[in-house]
**Q** 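Structure in structure tokens, see below.
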Number of protein chains: 2
Amino acid sequence: MSNNHNVTSVKGEEYLKGIAIDIVIFGFNENQLKVLLLEYKSTGLLGLPAGYILKNENLNDAARRVVSERTSLKDIFIEQFYVFGDTSRHDTKPIKKILSAEGASTQPDHWLLDRFISVGYFALVDFKKVIPQPDQISNNCQWYDLSDLPNIMLDHNLIIKKALETLQTNLDSKLIGFNLLAETFTMAELQSVYETILNKKLQRTAFQRKMLSLAILERVAKRMTGGAHKAPYLYRFIKNETL
Amino acid sequence: MSNNHNVTSVKGEEYLKGIAIDIVIFGFNENQLKVLLLEYKSTGLLGLPAGYILKNENLNDAARRVVSERTSLKDIFIEQFYVFGDTSRHDTKPIKKILSAEGASTQPDHWLLDRFISVGYFALVDFKKVIPQPDQISNNCQWYDLSDLPNIMLDHNLIIKKALETLQTNLDSKLIGFNLLAETFTMAELQSVYETILNKKLQRTAFQRKMLSLAILERVAKRMTGGAHKAPYLYRFIKNETL
DNA sequence: TTAATATTGTAACATATTGAGACAATATGT
DNA sequence: ACATATTGTCTCAATATGTTACAATATTAA
């Protein structure tokens, strides 16, 4: 699981050249969407979790590997959403800064200083299960509020924006919101996920009726919440039995 | 516009290595979806129009360039739909066959024999405006019925399948079907496009009511069709004025 | 010239879906 | 025991969609 090769070495021979994977890892906590970011050592630079593709590795497996390495989770929901391939992305300044901080070579033929095409993925994870892990060249890996993001290096703010747009578009049709919650959840929690992603209030009763009509939820038990009110049911997402 | 460099040369130095673009060019004629395919010289192999990215070229521009070269059109609707990056795609047999037929080198370090990641695009074009153009290493470029496709090399049948699925999914939400028709069209023609893509019959009156309610169609004039019946209106697609 | 025919545009009605409010049920705190 | 907040479900209104009907009309046939 751990790298035994230094990504900052001049050649990067284990990896396909010119192709990177950038991953927007979404979490959900306290009615807020969160994004996992790395802080590169001694540079103040922030970046999305990223990685490269091993020469005999499937693209999707590489994306899963990167998510696993940063979150300590496995079996994660990921989805490709866009490939970023404009020439204007090719900005060597932050890369040089990161390499310098590592004491690595910044000679022009360093593989990381070439132009890269980035395949954008997003991942939806259970916030509470994640144990953030910095990578080799960062000293910090932590959650940031999506609604209050700092400046992130290169075009990563744009990548997050596009990821969110895709998530919003696909939320209803692909029924993927459940991946942000624990195994069991209340209808109110699910509604909060939807409201936060779509950035609008939803009708409580209509939401409940619709979700139940989809026949994708299994009622598990009542939960005693400790609140001064009726206890809600807990639900579990029923995976599509045709798969 | 024309290549002054031979893609079959060993180095392919003008292009980014390891990244290809495969394009599913959809046309619509006689109530059928069509796909443009190339036949490689003296090999019997069929393939999707494909290309590589020039070192200082935007990814999307490269895709547009390839579509333009094969169709003789410009200003074409294209959309990324998936990146194909499984290791199982790496099958050098058909590539060697094509290179051999060209009299080109098939030594193992030929750049085209490396593993490639393919960015899949689909394009929607006006069938009647297209003048198919073979590329440098093919001797034929022609339309095939989507419903009766031959075997195509590598994973290109799969790529077409995925392109169609994306087209079906996005047809209503992104209002892109118009790109398959001429500048003006009848409601019946538009309905036929929808029915063919979605592979199901639609209710005539409900379809008309819905399309008109979207406020994206401008009525142009009546057309005398030569048929023994009432003449239909012609419509034009109104591009979103907020863009 | 007139009638027959096929298709078009729109209206009308039925049915289905969604929006919005009402209300009983119920854990907990007072 | 009562007050309070939230939940689950019901009802009715508003909207959207499915379906049928029918007048309008460009051509062909009589």
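Residue numbering restarts at 1 for every chain, and letters A, B, ... go by the order of the sequence lines.
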**Q** Is it the case that D:dT7 (base atoms only) and A:T186 (side chain only) share a donor and an acceptor within less than 3.5 Å, ignoring hydrogens and angles?
**A**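 Check fails, no donor-acceptor contact within cut-off.
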
**Q** Hey, what's the ring geometry for B:F122 with B:F81, parallel, tilted or perpendicular (30° and 60° as the breaks)?
**A**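 B:F122 vs B:F81 ring planes: tilted.
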
**Q** For A:K210 and C:dA16, give me the distance from atom NZ to atom P, rounded to whole Å.
**A**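 Going from NZ in A:K210 over to P in C:dA16 covers 17 Å.
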
**Q** Do the side chain of B:N157 and the main chain of B:I152 share a donor and acceptor less than 3.5 angstrom apart?
**A**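 Pair found, side chain donor or acceptor close to backbone of B:I152.
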
**Q** Kindly state each residue pair satisfying side-chain hydrogen bond (donor to acceptor under 3.5 Å, both in side chains) with at least one member in residues 125-134 of chain B, sequence neighbours excluded.
**A**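 Output for this query lists B:S72-B:Q133, B:D126-B:K129.
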
**Q** Do B:R209 and D:dG18 share a donor-acceptor pair, side chain to base, under 3.5 Å?
**A**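 A donor-acceptor contact between them is present.
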
**Q** So which nucleotide from C:dT8, D:dT19, C:dT18 ends up closest to the side chain of B:P232?
**A**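 Closest nucleotide to the B:P232 side chain: C:dT8.
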
**Q** Among the candidates D:dT11, D:dG8, D:dT19, find the nucleotide nearest to the side-chain atoms of B:T205.
**A**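 The answer is D:dT19, which lies nearest to the side chain.
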
**Q** Of the candidate nucleotides D:dA5, D:dT9, C:dG19, which contains the atom at the shortest distance from the side chain of A:R204?
**A**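 From the listed options, D:dT9 comes nearest.
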
**Q** The side chain of A:Q208 is closest to which nucleotide in this list: D:dG8, C:dG9, C:dG21?
**A**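 Closest nucleotide among those given: D:dG8.
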
**Q** Could you state the atom-to-atom distance from NE2 of B:H229 to P of C:dA3 in whole Å?
**A**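 Going from NE2 in B:H229 over to P in C:dA3 covers 22 Å.
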
**Q** May I have the distance from B:D172 (atom CG) to D:dA16 (atom C1'), rounded to whole angstrom?
**A**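 In whole Å, D:dA16 C1' and B:D172 CG are 14 Å from each other.
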
**Q** Using a 4.0 Å heavy-atom cut-off, does B:A231 contact any base of the nucleic acid, only the sugar-phosphate backbone, or nothing at all?
**A**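 Sugar-phosphate: the residue B:A231, judged by heavy atoms under 4.0 Å, touches backbone atoms but no base.
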
**Q** What distance do A:F26 atom CZ and A:L167 atom CG have between them, rounded to the nearest 0.5 Å?
**A**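 Going from CZ on A:F26 over to CG on A:L167, the span is 5.5 Å.
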
**Q** How long is the gap from CD on A:E189 to CG on A:N31, to the nearest 0.5 Å?
**A**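 It is 9.0 Å, given to the nearest 0.5 Å.
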
**Q** Starting at atom CZ of A:F207, determine the distance to atom P of D:dG8, rounded to an integer number of angstrom.
**A**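 Computing the A:F207:CZ to D:dG8:P distance gives 12 Å.
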
**Q** For A:Y233 and D:dG8, give me the distance from atom OH to atom P, rounded to whole Å.
**A**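 A:Y233 atom OH is separated from D:dG8 atom P by 7 Å.
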
**Q** What is the distance, to the nearest angstrom, from the CD atom on B:Q203 to the C1' atom on D:dT20?
**A**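 In whole Å, D:dT20 C1' and B:Q203 CD are 9 Å from each other.
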
**Q** Between B:K230 (NZ) and C:dA4 (C1'), how many Å, whole number?
**A**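 So the two atoms are 18 Å apart, to the nearest Å.
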
**Q** Expressed as a whole number of angstroms, how long is the span from B:M211:CE to D:dA16:P?
**A**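 My rounded result for the distance is 16 Å.
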
**Q** Does the side chain of B:Y194 come under 3.5 Å of the side chain of B:D172 through a donor N or O and an acceptor N or O?
**A**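 No - no donor-acceptor pair under 3.5 Å links their side chains.
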
**Q** Are the side chain of B:S68 and the backbone of B:R64 linked by a donor-acceptor contact shorter than 3.5 Å?
**A**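 Between the backbone of B:R64 and the side chain of B:S68 there is a qualifying donor-acceptor contact (under 3.5 Å).
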
**Q** Return one dot-bracket line describing DNA chain C 5' to 3' (Watson-Crick or G-U wobble pairs, both distances under 3.5 Å; ( ) same strand, [ ] crossing, | another strand, . none).
**A** ||||||||||||||||||||||||||||||

**Q** Measuring from the side chain of B:A206 (C-beta onward, heavy atoms only), which nucleotide among D:dT19, D:dT9, D:dT25 has the closest atom?
**A**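 Output: D:dT19.
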
